[in-house]
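To start, the structure itself, in structure tokens.
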Amino acid sequence: MILREDWQFRGLVHQTTDEAILDRLSAGGVTAYIGFDPTAPSLHLGSLLQLCNLRRLQLAGNRPIALAGGGTGLIGDPSFKAVERPLITEELLEENLVGIREQLGRFLDFSPAAGPSKALLLNNAQWLTTVTLTDFLRDVGKHFTVNQMIAKESVKSRLDRDDVGLSFTEFSYMLLQAYDFLRLNVDHGCTLQLGGSDQWGNITMGTELVRKETGNTVAGLTSPLLLRADGQKFGKSEVGNDKVWLDASMTSPFEFHQFLLNADDATTPALLRFFTFLDHQTILDLDEATRTRPQERQAQRAIANAVVTLVHGETAARHAERAGEALFAESIAELDEATLLQVVADAPSSTWSRAEVAAGVDPAELLVRCELAGSKGEAGRFLEQGGAYVNNVRVHAETAIDISWALHGRYLVVRRGRRLLHLVVIA
RNA sequence: GGGCCGGUGCCCGAGUGGCCAAAGGGAUCUGGCUGUAAACCAGACGGCUUAGCCUACGGGGGUUCAAAUCCCUCCCGGCCCA
């Protein structure tokens with residue numbers, strides 16, 4: 001499979017500084033980089049497309065560089081007003097990089113066996129914290145005019161607003177990113193930067209800086225932003241308003257799987273192309289399946305299984321799928337003990353004494369103690385609205401729950417809403 | 001440093017002494033329909049021992065029977081001037 005054709009089929013190319021870059025990538029031997037945010041101990045769904053792109057590159061014989069934005073994370077925003085770039089300490093950054101490194105390893109080959117296309121993980125703190133101010137202003141700043149910088153679409157909206165300003169630090173961000181590209185070109189022979197379409201302005205600053213400072217020609221390529229059918233940015237968690245993380249302890253494999261399984265029909269063609277490595281014919285067949293038999297959700301299943309397998313492994317993917325089936329399609333009371341435990345393996349759990357359950361449990365208190373409701377008032381609301389279930393049976397405020405409810409004599413599966421679970425183990 | 005404007009619930013935003021737990025929108029949550037979807041419809045959306053009480057309108061202090069609303073002060077943001 002030729003990379004150019006594959007990427008065009010998948011719609012991965014939004015803009016390029018030089019269309020011929022696709023041919024060079026197809027031929028192999030190109031060193032390319034993408035920046036990642038290291039302010040959390042895990043990457044999230046928003047990075048998945050870029051991760052896949054790096055993987056695709058490497059599979060085609062190119063060398064991927066994952067660049068952690070530790071420099072920018074360390075600086076943060078001095079005006080405190082932007083929550084987007086929280087201040088981060090060097091120790092925390094190091095910790096985060098450990099987790100991120102492991103996640104990258106699922107997509108990229110960092111082993112020496114990969115030869116010249118062995119992946120690299122770098123941290124821009126390495127050069128951003130050591131370059132001197134005068135060097136930076138002379139070598140980087142002199143190549144750009146403020147006039148062109150304020151014309152960038154990325155800062156224009158901020159400059160036009162009359163309630164918030166744009167700090168000099170934030171404004172300088174594009175120069176820092178340009179400098180990254182310069183260092184990677186000089187030190188590692190990197191000639192391509194990838195990113196989302198929102199990165200276009202920053203990327204072109206980089207290609208320009210490299211050309212002016214070294215005379216080398218380097219390229220930029222952006223991928224389209226993945227949007228949901230309703231125009232919202234894709235990647236928010238189903239439960240709450242959180243991001244979908246790649247770390248199993250932050251977003252369980254089950255939750256992750258469910259999130260993808262619930263993707264709306266209109267988004268599946270893009271998800272299949274962006275997030276899976278399925279061949280073209282399989283993708284076209286799945287498109288067709290979505291069109292003609294949407295209720296089977298074959299595409300969603302394929303996406304969920306493929307992505308969870310890639311991120312968490314095959315076993316986790318199988319368990320997640322099985323758990324969903326049991327939870328939504330079968331009677332939970334009829335599962336044998338081992339299957340039941342496997343189904344709720346991802347859910348938080350707590351241990352209660354036999355005596356207190358035998359004495360009878362108030363449903364509202366049950367929800368609060370299982371952390372499925374934030375307060376008694378909220379618990380009351382869920383019960384009133386019919387959003388509380390024990391062992392998949394809807395319960396109300398006056399429902400008396402006692403030891404006779406226990407599955408296998410010692411479990412209560414408490415659920416709030418569609419898919420928020422908690423397991424009570426009776427000791 | 002000076003002048004002017006502003007800081008309201010998760011976000012945006014109305015409110016300029018009592019009728020304010022605070023309009024409206026968005027987000028979120030629950031239910032209904034359905035395909036564990038989208039769209040749509042209905043309801044909820046600070047807490048509690050819930051016809052009541054407590055906590056909340058940047059922080060602190062004050063005026064008043066009564067303050068998100070008035071006064072003082074501090075902090076933060078924006079615009080302009082130096």
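None of the values given here were measured: they were computed from a predicted structure. Just so we're on the same page: letters track the sequence lines, and every chain starts at 1.
Distance check on atom C1': C33(B) versus C41(B) gives 8 Å, rounded to whole Å. Between C81(B) and U73(B), the two C1' atoms lie 25 Å apart (nearest whole Å). Rounded to a whole angstrom, the distance from the C1' atom of C11(B) to that of C19(B) is 28 Å.
Of all nucleotides listed (G47(B), G35(B), G31(B)), G35(B) comes nearest to the side chain of R297(A). Closest to the Q300(A) side chain, of the nucleotides U30(B), U36(B), G35(B), is G35(B). Comparing atom distances between the D264(A) side chain and each of A38(B), G35(B), U36(B) picks out A38(B) as nearest. Taking only side-chain atoms of D265(A), from C-beta outward, the nucleotide of G47(B), U30(B), G35(B) with the closest atom is G35(B). Candidate nucleotides G31(B), C29(B), U36(B) were compared by shortest atom distance to the side chain of R394(A), and G31(B) ranks first. In the set G35(B), C29(B), G31(B), C29(B) carries the atom at the smallest distance from any side-chain atom of R416(A). Nearest to the side chain of P294(A), among U30(B), C48(B), G35(B), sits G35(B). When distances are taken from the side chain of Q258(A) to each of G47(B), G35(B), U36(B), the shortest belongs to U36(B). Among the nucleotides G35(B), C45(B), A37(B), the one closest to any side-chain atom of R381(A) is C45(B). Candidate nucleotides U49(B), U36(B), C29(B) were compared by shortest atom distance to the side chain of K376(A), and U49(B) ranks first.
With a cut-off of 3.5 Å on both pairing distances, A21(B) has no Watson-Crick or G-U wobble partner at all. Across all strands shown, U16(B) has no partner, as no Watson-Crick or G-U wobble contact with both distances under 3.5 Å is found. Across all strands shown, the partner of G1(B) is C81(B), judged by Watson-Crick or G-U wobble contacts whose two distances both fall under 3.5 Å. Using Watson-Crick or G-U wobble geometry with both donor-acceptor distances under 3.5 Å, A68(B) finds no partner in any strand shown. In this structure, A42(B) and U30(B) make a Watson-Crick or G-U wobble pair, each of the two defining distances being under 3.5 angstrom. With a cut-off of 3.5 Å on both Watson-Crick or G-U wobble distances, the partner of C57(B) is given as none.
Note on G377(A): a base of the nucleic acid sits closer than 4.0 angstrom, heavy atoms only.
Counting only N and O atoms by type, the side chains of D265(A) and Q300(A) include a donor and acceptor under 3.5 Å apart. A donor-acceptor pair shorter than 3.5 Å can be found between the side chains of Q177(A) and Q193(A).
Listed pair Y389(A) / U30(B) fails the phosphate criterion, with no side-chain N or O lying under 4.0 Å from OP1 or OP2. Look at S375(A) and you'll find a side-chain N or O under 4.0 angstrom from OP1 or OP2 of C48(B).
E384(A) has no carboxylate O lying under 4.0 Å from a charged side-chain N of R381(A), or vice versa, which leaves the two without a salt bridge. Salt-bridge check for R301(A) with E321(A): failed, with every basic side-chain N at 4.0 Å or more from each acidic carboxylate O.
Two residues are said to be in side-chain contact when any heavy atoms from C-beta on lie closer than 4.5 Å; L271(A) and F274(A) fail this criterion.
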